[in-house]
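What follows is a single structure, written as structure tokens, with notes after it.
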Number of protein chains: 2
Amino acid sequence: MLSVAAQQFAEKGYSGASMRSIANATGITQAAIYHHFPNKQALYMAVLARHLEEKISATVQDLAKIDDPEKCLRELIRRLLQLTEEDEHFRQLYFRELLEGNKERLTALAKNVFGDLLESVGGLLRKLAPQFDLNLLLLSVAGLVCHHVEARKLSPFLPGSKAKHQELDTLSRHISDLLLYGVRGP
Amino acid sequence: MLSVAAQQFAEKGYSGASMRSIANATGITQAAIYHHFPNKQALYMAVLARHLEEKISATVQDLAKIDDPEKCLRELIRRLLQLTEEDEHFRQLYFRELLEGNKERLTALAKNVFGDLLESVGGLLRKLAPQFDLNLLLLSVAGLVCHHVEARKLSPFLPGSKAKHQELDTLSRHISDLLLYGVRGP
DNA sequence: GTCTATAGGACGATAGAC
DNA sequence: GTCTATCGTCCTATAGAC
């Protein structure tokens with residue numbers, strides 16, 4: 001039921017997803033939701049907790065074990081790409097929170113999502129890029145990954161579009177190379 | 001009236017913004033909108049055309065005149081940051097289109113927004129980064145700029161947040177340095 | 001070009017039976 | 001825990017007067 005709600009909130013947004021359609025897709029009537037959650041907001045918060053906060057910590061685990069900083073960064077990019085590709089709703093919910101999240105929800109997002117990210121890869125990034133601000137670098141990585149995956153819907157309509165622009169390996173190499181070496185390339 | 005509608009669509013999304021609230025904020029009644037637009041979709045499309053497609057072409061003009069590629073890239077980043085900061089609705093509408101745009105709307109977005117971008121800075125990027133795919137590079141730049149500005153709402157709640165993370169100059173230098181030199185820095 | 005009025009439906013939430 | 005039924009509110013869109 002939480003995953004059905006996540007799908008609808010991600011695809012249609014908070015206002016666009018109705019309690020009725022979520023209930024119907026779950027297989028119960030709209031009134032029955034109110035036995036599990038007091039109101040729509042509470043249901044939405046439960047969706048966020050499960051879909052954003054749990055998934056990120058599972059994704060970035062074990063990264064600290066990789067010794068070589070460059071390999072570790074490439075692996076971070078690869079995992080984030082895979083997460084945001086496999087779980088379309090994760091990415092959409094994150095974007096929607098950036099757009100519409102109030103102070104309370106943004107605080108939770110910062111603490112639970114980026115807090116976990118920092119813990120896992122903060123050390124790596126500090127070693128790899130001592131000249132850069134850690135928070136800004138994290139936001140750069142998140143922006144690159146999420147935007148590239150989200151823009152795959154847009155990519156086919158761009159002039160000079162190629163099929164390989166859709167592939168995860170292509171995106172992974174592009175982002176990693178860009179981050180590691182800048183526009184001049186490796 | 002189009003700018004009022006842009007504001008509401010950007011802030012509350014398509015479903016969240018009602019014809020009533022748009023009309024009231026404009027100073028007319030809800031029924032009067034239907035004299036100017038046949039329905040809600042048509043109003044939304046008019047908003048997109050004005051707010052996304054017109055603004056981007058004004059922003060990237062004159063860039064080709066700058067000879068030094070590095071200066072030109074820095075200026076591109078600065079202008080895009082300024083556009084997406086000054087015109088909050090531009091950025092929000094772009095993100096919302098990425099999330100919810102159908103094929104027709106994404107085609108228009110690709111053609112009118114990224115088409116203009118390509119025309120103005122395509123040559124620069126090809127010269128500056130011959131090893132990188134042009135479309136992927138454009139999407140990287142767009143993702144970095146938009147995400148950084150959008151994430152300013154999130155930034156204060158991050159661990160280790162600093163006031164300067166909010167400043168446009170800081171963001172501009174961070175993004176430009178990262179693109180030009182990678183994580184190793186200049 | 002804007003108004004009032006209203007149709008017709010979807011929404012969130014509640015009451016109460018089973 | 002789920003149902004049916006319903007309330008009150010909001011919504012998009014239309015009709016018709018001025």
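So that the names make sense, note that chain A is the first sequence line, chain B the second, and so on, each numbered from 1. Here the structure is a predicted model, which means the values were calculated and not measured.
The residue A:S18 sits close only to the backbone: its heavy atoms come under 4.0 Å of sugar-phosphate atoms, none of a base. Contacts of B:A23 with the nucleic acid, taken as non-hydrogen atoms under 4.0 Å apart, are absent. Across all strands, B:A32 comes closer than 4.0 Å only to sugar-phosphate atoms, never to a base (heavy-atom distances).
The CD1-P distance, from B:I28 to D:dA13, rounds to 15 Å in whole Å. Separating the CZ atom of B:F37 from the C1' atom of D:dT12 is a distance of 16 Å, rounded to the nearest angstrom. Spacing between atom CD1 of A:I33 and atom P of D:dC3 amounts to 10 Å, rounded to whole angstrom units. Atom-to-atom, CD of A:Q41 to P of C:dA13 comes out at 9 Å; the value is rounded to the nearest Å.
Taking every side-chain heavy atom of A:N39 into account, C:dA13 is the closest of C:dA13, D:dG1, C:dC11. Closest to the side chain of A:K40, out of D:dT12, C:dA13, C:dC3, is C:dA13. Of the listed nucleotides (D:dA13, C:dG12, D:dA5), D:dA5 has the atom at the smallest distance from the side chain of A:A31. Closest to the A:T29 side chain, of the nucleotides C:dG12, C:dT2, D:dC3, is D:dC3. Comparing C:dC3, C:dA13, D:dT2 against the side chain of A:H36 picks out D:dT2 as the nearest.
In this structure, the side-chain hydrogen bond (donor to acceptor under 3.5 Å, both in side chains) partners of A:D87, at least two apart in sequence or on a different chain, are A:H51, A:K55.
Between B:Y94 and B:V113 the shortest side-chain heavy-atom distance does not fall below 4.5 Å.
Where A:Q30 and B:H35 each meet DNA chain C at their nearest nucleotide, the meeting point lying more 5' is that of B:H35.
Evaluation of the salt bridge (charged side-chain N to carboxylate O under 4.0 Å, His left out) test over residues 69-78 of chain B, restricted to residues two or more places apart or in two chains, returns A:R184-B:E70, B:E70-B:R74, B:R74-B:D177, B:E75-B:R78, B:E75-B:R79.
Looking at every heavy atom in both residues, A:L81 comes nearest to A:L168 through CD1-O, 4.0 Å.
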